[in-house]
Amino acid sequence: MLYGLPKPFRLHLKKDFEAIIRNAYRLQGEGMVIWWRPSSYPGARTRLGIVVSRKLGGAVVRNRVKRLLRESFRLNREKLKPGTDLIVSPRSSEILADVHSAQRALLALCGKAGILHSSDNL
RNA sequence: UACAACAGCCCAGAUAGCCGCUCCCGGCCGUUUUAGGCUUAGGGGGAGGAACUUCCGGACUCCACAAGGCAGUGCGCCGCCCGAAAGGACGGGACGACGGGGCCAUAUCACCCCGUUGGACGGAAAGUGCAACAGAAAACAAACCGCCCGCAAGGGUAAGGGUGAAAAGGUGGGGUAAGAGCCCACCGCGUUUGCGGCAACGCAAACGGCACGGUAAACCCCGCACGGAGCAAGGCCAAGCCGGUCCACACGCUGCCCGCGUUCGUGACCAAGUAGGCCGCUUAGAGUAAUGGCUAUCCCGGCCCGCAAGGGCUGACAGAAUCCGGGGUAUAGGCUGUUAAAAAAC
RNA sequence: UCCGGGAUGGUGUAAUGGUAACACGGAUGCCUCUGGAGCAUUAAUUCUAGGUUCGAGUCCUAGUCCCGGAA
């Protein structure tokens, strides 16, 4: 399954979020911030977590931003090095108006972070 | 004929393909049993009219509780209907605002009639409080100017002046030293009676002779209702740590038995319960929390370009988390009604 | 999700229903050779919209925004 995004590819425990953010690399790009960390044990899956502040908007806006980010991650998961825990936190809803610009912004940041496969370098 | 505001009702784009998510049934893998994983057979369910707000009411759960009372909070014209309640629908009555008409020689106010419209519309004759500034005086009345009597001292007087949101019945006549419900008529107010109405209330008559101004979304009084917390309620399972009982061994009281005490234990059992899990939980039912993305065609509305054919852009408010019933607020589009008659255009 | 609390000049706070007050800061002027200090002046939709009242920052209703608590 190339493009699926079932549960094990997602971060969903508060402990995980806190552990990753406490000792992870952090990088700010246009409209979003990412934290990432190589997973501690081998063979781990690439996992995604999304943090959206209430300052970004109402429930509709926050849900939409999360869906677009999840979609962007899902379509580009194979480009990331496996076993990376990644947390994305958008800071502006304008950069994430549609799925194309969301993908562009996410890939640009991941490229800067050096967690893409070398063959897919931008 | 259109725009707009308000009110009521309807609706909340459709179909197909591909890539995904979530839950249930089924299947497969795995496991001693669980846990878990996969969809390599398949099948089915998956946001709203407001899911928003958390302003009311209820179900449900736990806590408290003899009866009763106090305090506190909420509600408050009348009738009838719906509802478990909150609340809502319809009709009616007083009051206020606005418009029109009447009364009058004309006309303001007042009063009467009609229409439209508004709403937390019990009580100010149980008590307490409040009323800035202005004004003589702001509530058992009072005398600044004025008027009258008087030589004066002093007294009488609420008609007139001016202040104020509000000044102690109004208008007219009589009366008087000047005045005044002091007297009279009409109106207002109050009481009683009668009549109409289920009632709120209305009408009439008699009597009173003006006391009894406003404010209760001030305290309060009257009537009615209400115990408190909320699914992060509450319940079940339960690592680790801590605790208790028993058992075995050792030591001590003591040389022995019994008894008691202490320490230790890959020992047994128990209680409480943290992390964590499960139930509560749903014909949507999660726990970083699903209901999405892309493409095509069509539909409805709007904007722009174009003589036209057509082309391009764009689509409202907002997203379940225990569940129901209401109130309030936000909304693209459609229909109906009101403002509403004019002006403007034809 | 379920409960509380609040909003007043630029900032922090006051105000029995009756002229919106105080401190710091800002601006302008005076004083001084200049600056500081000092003195004077100045600036408010009391979050918004309705209502009660003669009169509302205060009372009532609805809304907006902010803060806090409960795994």
Side-chain angles (χ1 to χ4, degrees):
Chain A
M1 204 59 312
L2 224 70
Y3 294 117
L5 189 67
K7 258 184 186 168
F9 293 89
R10 283 181 262 157
L11 293 166
H12 52 103
L13 289 177
K14 191 172 178 60
K15 281 192 304 190
D16 290 342
F17 276 82
E18 284 171 353
I20 291 168
I21 287 181
R22 198 176 306 118
N23 45 27
Y25 302 98
R26 177 176 180 278
L27 193 63
Q28 181 159 4
E30 84 179 304
M32 63 176 77
V33 176
I34 63 170
W35 290 266
W36 78 94
R37 189 183 69 167
S39 204
S40 42
Y41 53 98
R45 297 185 166 95
T46 307
R47 296 191 296 175
L48 172 72
I50 304 174
V51 178
V52 187
S53 161
R54 287 183 70 180
K55 286 176 187 166
L56 217 63
V60 174
V61 173
R62 295 202 305 275
N63 263 338
R64 171 143 190 90
V65 164
K66 282 198 274 186
R67 282 169 186 152
L68 289 175
L69 280 175
R70 209 181 302 125
E71 188 74 6
S72 305
F73 177 81
R74 179 175 77 80
L75 295 172
N76 297 287
R77 202 186 79 227
E78 293 299 311
K79 296 181 184 171
L80 291 167
K81 289 178 180 169
T84 304
D85 288 335
L86 178 70
I87 295 178
V88 182
S89 179
R91 293 295 150 94
S92 150
S93 58
E94 293 165 14
I95 195 73
L96 302 162
D98 63 287
V99 75
H100 300 296
S101 58
Q103 276 192 62
R104 239 190 339 270
L106 184 64
L107 283 177
L109 257 181
C110 291
K112 268 170 83 177
I115 52 176
L116 296 178
H117 281 302
S118 48
S119 57
D120 290 320
N121 270 347
L122 296 176

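Being a predicted model, the structure only gives us computed values, none of them experimental. Every chain is numbered from 1 and lettered A, B, ... according to where its sequence line falls, protein lines coming before strand lines.
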Separation of [N] [atom2] from [X] [atom1] (nearest whole Å):
{"X": "R104(A)", "N": "G293(B)", "atom1": "CZ", "atom2": "C1'", "result": "16 Å"}
{"X": "W35(A)", "N": "U288(B)", "atom1": "CH2", "atom2": "P", "result": "18 Å"}
{"X": "K66(A)", "N": "U291(B)", "atom1": "NZ", "atom2": "P", "result": "10 Å"}
{"X": "N76(A)", "N": "G20(B)", "atom1": "CG", "atom2": "C1'", "result": "14 Å"}
{"X": "R62(A)", "N": "A290(B)", "atom1": "CZ", "atom2": "C1'", "result": "16 Å"}
{"X": "L48(A)", "N": "A289(B)", "atom1": "CG", "atom2": "C1'", "result": "14 Å"}
{"X": "L75(A)", "N": "C21(B)", "atom1": "CG", "atom2": "P", "result": "12 Å"}
{"X": "F73(A)", "N": "C21(B)", "atom1": "CZ", "atom2": "P", "result": "13 Å"}

Provide the distance between the two [atom1] atoms, one in [N] and one in [M], to the nearest whole Å.
{"N": "A316(B)", "M": "G43(B)", "atom1": "P", "result": "35 Å"}
{"N": "U191(B)", "M": "G123(B)", "atom1": "P", "result": "14 Å"}
{"N": "A4(B)", "M": "C11(B)", "atom1": "C1'", "result": "23 Å"}
{"N": "U157(B)", "M": "C130(B)", "atom1": "P", "result": "32 Å"}
{"N": "G17(C)", "M": "G100(B)", "atom1": "P", "result": "43 Å"}
{"N": "C246(B)", "M": "U262(B)", "atom1": "P", "result": "11 Å"}
{"N": "A141(B)", "M": "U163(B)", "atom1": "P", "result": "27 Å"}
{"N": "G122(B)", "M": "G230(B)", "atom1": "P", "result": "33 Å"}

With both distances under 3.5 angstrom, what nucleotide forms a Watson-Crick or G-U wobble pair with [N]?
{"N": "U245(B)", "answer": "A268(B)"}
{"N": "U283(B)", "answer": "none"}
{"N": "A250(B)", "answer": "U262(B)"}
{"N": "G118(B)", "answer": "C95(B)"}
{"N": "C307(B)", "answer": "none"}
{"N": "U329(B)", "answer": "none"}
{"N": "A137(B)", "answer": "none"}
{"N": "A205(B)", "answer": "U192(B)"}

Seminar exercise, completed: Base-pair string, RNA chain C, Watson-Crick plus G-U, cut-off 3.5 Å on both distances, | for inter-strand, is (((((((..((((....[..)))).(((((.......)))))....(((((..]....)))))))))))).
For this session: Starting from the C-alpha separation in whole Å, work towards a yes-or-no answer on side-chain contact (heavy atoms from CB on, under 4.5 Å) for I50(A) and F73(A).
Result: CA-CA 11 Å; I50(A) 304 174; F73(A) 177 81; over 6 Å; no
Looking only at heavy atoms, which two atoms of [X] and [Y] are closest? And how far apart?
{"X": "L109(A)", "Y": "Q28(A)", "value": "CD2-C, 4.1 Å"}
{"X": "K66(A)", "Y": "V52(A)", "value": "CG-CG2, 3.5 Å"}
{"X": "P90(A)", "Y": "V51(A)", "value": "CD-O, 3.3 Å"}
{"X": "Q103(A)", "Y": "L75(A)", "value": "NE2-CD1, 3.6 Å"}
{"X": "V33(A)", "Y": "R26(A)", "value": "CG1-NE, 3.9 Å"}
{"X": "S72(A)", "Y": "N76(A)", "value": "O-ND2, 2.7 Å"}

Exercise. With sequence neighbours excluded, what pairs up with S89(A) under the side-chain hydrogen bond (donor to acceptor under 3.5 Å, both in side chains) test?
Worked result: R91(A)
Phosphate-side-chain proximity, [X] and [N], N/O vs OP1/OP2 below 4.0 Å:
{"X": "R70(A)", "N": "A290(B)", "value": "yes"}
{"X": "R67(A)", "N": "A290(B)", "value": "no"}
{"X": "R64(A)", "N": "G293(B)", "value": "yes"}

Is the base of [N] syn or anti, where syn means the angle lies within 90° of 0?
{"N": "G49(B)", "answer": "syn"}
{"N": "G181(B)", "answer": "syn"}
{"N": "A47(B)", "answer": "syn"}

For this session: When you get a sec, tell me which of G293(B), A320(B), G20(B) is the closest nucleotide to the side chain of R74(A)?
Result: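 That would be G20(B).
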Exercise. Which residue, N63(A) or I50(A), contacts RNA chain B at a nucleotide closer to its 5' end, judged by nearest heavy atom?
Worked result: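 Nearest-nucleotide comparison on RNA chain B picks I50(A).
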Exercise. Do you reckon V65(A) sits in the same ILVMFWY cluster as V60(A), going by side-chain contacts under 4.5 Å, direct or chained?
Worked result: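 In one cluster with V65(A): V60(A), no.
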Seminar exercise, completed: dist W35(A):CH2 -> L86(A):CG (nearest 0.5 Å) comes out at 10.5 Å
